[in-house]
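Working notes for the structure below.
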Amino acid sequence: MFRPVLFYRRLGVAGPHAFLEWLVYVLLLPVSFLYAALMRLRAFLYRIGWLHVYRAPVPVISVGNLSVGGTGKTPVVDYLIRCCLSRGRRVAVVSRGYGSADGPALRVVSAGKGPVLDVRQAGDEPWLLARRNPCACVVVAPRRADGVRYAVDCLGADLVLLDDGFQHLAVARDFDLVLLDASRPFGNGRVLPAGILREPISALKRGSLFLLTRASGPGADPPLLPGPVLRCRHVMADHAIGPNGNSWSFAQLAKLRGLAFAGIAEPQNFFHGLEQRGLKLHQILCFSDHTKYDEQDLSRLVAASVQADYLITTEKDAVKLMAARLPLPCYVVTMDVEFFETGELEKRLFAVIDAKG
């Protein structure tokens, strides 16, 4: 079955190969050139001060990427929250809240005591970060400057993490951490819509530090980048969490037939990780990134689960299914991040934070 999303993703990552791919690619190139020019103009207007930039009185750390989705940003933001909290900082995460339901423009997901909104109001990533880090403040605001201002003035934040902030130039930042997938840092090298880049590669000159995610090791040669480079990999937990919150070893689940599903940018990485852990996946289902799991999605899940013994998914997907009536027990696998240059990120980051106070 032809899937436009997968077709487009393959074209943007690997470039055209078949005739249809070349045809689509050539048709999209003029739009891509125009988009790249507009993004360069936008960055220039911010740089010369024609477009207003809000500067907060506290350190602002941006965590973002150059490409559309799939760099594993959420575990990195989660790691940074824990690092900052361990240093006694009053941390606030300000996010756009992509995928959240319609509602007030500015929403407080957590004031430092865990989530006070449900996942549909907050968006899956902000809600997950708030649940994992109940002492952190989490604010959703399409106008990120409003969110930063509220976090500082009303929630008492003395450090702000700007989630997915590399392109959000309306907020000044003291440190720009840019994530790139080590296996395909620039996709086919083109900006949207002919590629997966949000801006031309030249925009990386704004970066303070570059983090190659899903790296194979510390000796992997990085692409030519205009700044220091660190490497990390995403590590799957050594167990799954069952419906009642209890831990299940992969050895226990390997005796059964599983149906794995995910609505994330790179679901194949998740499925491959499960198979490496020894699970026998009877079937896999890919949903669109940030899917809300409506009735149609749940119907697909029910229909596919007929011959399976259990369901298994990511933590980001599971938080959106807490109220759903699933046909089988659903197990959740968490992801963490492991750095090859141990302590180097914290050293560089807190040198900047401590210098500003």
Side-chain angles (χ1 to χ4, degrees), residues 54-65 71-95 108-116 122 125-141 144-145 147-166 168 171-179 206-213 218 227-235 237 315 334-357:
Y54 169 71
R55 181 168 291 279
V58 303
V60 175
I61 310 302
S62 168
V63 184
N65 48 34
T71 57
K73 177 173 55 61
T74 302
V76 174
V77 175
D78 177 61
Y79 177 86
L80 292 177
I81 294 172
R82 287 184 275 119
C83 286
C84 295
L85 289 173
S86 70
R87 298 270 185 130
R89 307 299 301 229
R90 174 73 169 173
V91 185
V93 180
V94 177
S95 172
V108 178
V109 181
S110 170
K113 295 182 180 179
V116 294
E125 292 176 2
W127 194 92
L128 182 58
L129 291 171
R131 187 180 72 170
R132 279 190 165 199
N133 305 278
C135 293
C137 303
V138 180
V139 178
V140 165
R144 243 70 71 89
V148 173
R149 190 180 291 110
Y150 186 91
V152 175
D153 295 344
C154 301
L155 300 179
D158 61 13
L159 173 64
V160 173
L161 292 175
L162 199 61
D163 183 24
D164 198 14
F166 188 60
H168 198 82
V171 175
R173 68 289 314 274
D174 301 282
F175 194 90
D176 242 318
L177 178 63
V178 185
L179 277 58
R206 302 196 307 264
S208 307
L209 178 66
F210 300 93
L211 180 61
L212 293 179
T213 63
V229 178
L230 300 179
R231 302 163 186 82
C232 71
R233 63 180 179 182
H234 290 82
V235 182
E315 193 175 16
T334 61
M335 300 291 291
D336 209 342
V337 64
E338 182 180 276
F339 292 87
F340 290 106
E341 297 88 359
T342 306
E344 191 64 26
L345 175 59
E346 295 93 318
K347 176 183 174 182
R348 293 175 180 272
L349 186 64
F350 282 102
V352 174
I353 293 172
D354 294 340
K356 183 164 183 177

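Positions are given from 1 along the sequence. Only heavy atoms go into these numbers, but all of them, side chains included; no hydrogens, no water, no symmetry mates. Computed from a predicted structure; not experimentally measured.
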Testing Ile81, Val63, Asp78 one by one against Val93 for a side-chain contact (heavy atoms from CB on, under 4.5 Å), which residue passes? Ile81
In Val148, Val140, Asp163, the residue satisfying side-chain contact (heavy atoms from CB on, under 4.5 Å) with Val94 is Val148
Looking only at heavy atoms, what is the nearest atom pair of [X] and [Y], with distance?
X: Arg90; Y: Gly156; value: CG-O, 3.1 Å
X: Ser110; Y: Pro134; value: OG-O, 4.0 Å
X: Ala157; Y: Val58; value: O-CG1, 3.7 Å
X: Pro228; Y: Leu209; value: O-CD1, 3.4 Å
X: Arg206; Y: Phe166; value: NH2-O, 2.9 Å
X: Val139; Y: Ala151; value: CG2-CB, 4.4 Å

Check whether any side-chain heavy atom of [X] lies under 4.5 Å from a side-chain heavy atom of [Y], and answer yes or no.
X: Val108; Y: Tyr150; result: yes
X: Tyr54; Y: Arg144; result: no
X: Leu211; Y: Cys232; result: yes
X: Leu80; Y: Leu345; result: yes

[atom1] of [X] to [atom2] of [Y]: how many Å apart, nearest 0.5 Å?
X: Ile353; Y: Cys84; atom1: CD1; atom2: SG; result: 4.5 Å
X: His168; Y: Leu162; atom1: NE2; atom2: CG; result: 6.5 Å
X: Lys356; Y: Ile61; atom1: NZ; atom2: CD1; result: 8.5 Å
X: Thr213; Y: Asn65; atom1: OG1; atom2: CG; result: 8.5 Å
X: Arg348; Y: Leu230; atom1: CZ; atom2: CG; result: 6.0 Å
X: Lys347; Y: Glu341; atom1: NZ; atom2: CD; result: 12.0 Å

Check: [X] side chain, [Y] main-chain N or O, donor-acceptor pair, under 3.5 Å:
X: His234; Y: Gly72; result: yes
X: Arg132; Y: Arg82; result: no
X: Asp176; Y: Ser208; result: no

Got a sec, which residues hit side chain to side chain donor-acceptor pair (under 3.5 Å) with Asp153, two or more places apart in sequence or on another chain? none
Looking just at side-chain N and O atoms, do Glu346 and Tyr79 make a donor-acceptor pair shorter than 3.5 Å?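 Judged by distance alone, the side chains do pair up.
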Would Asp158 and Arg89 pass as an ion pair if we require N to O under 4.0 Å? yes
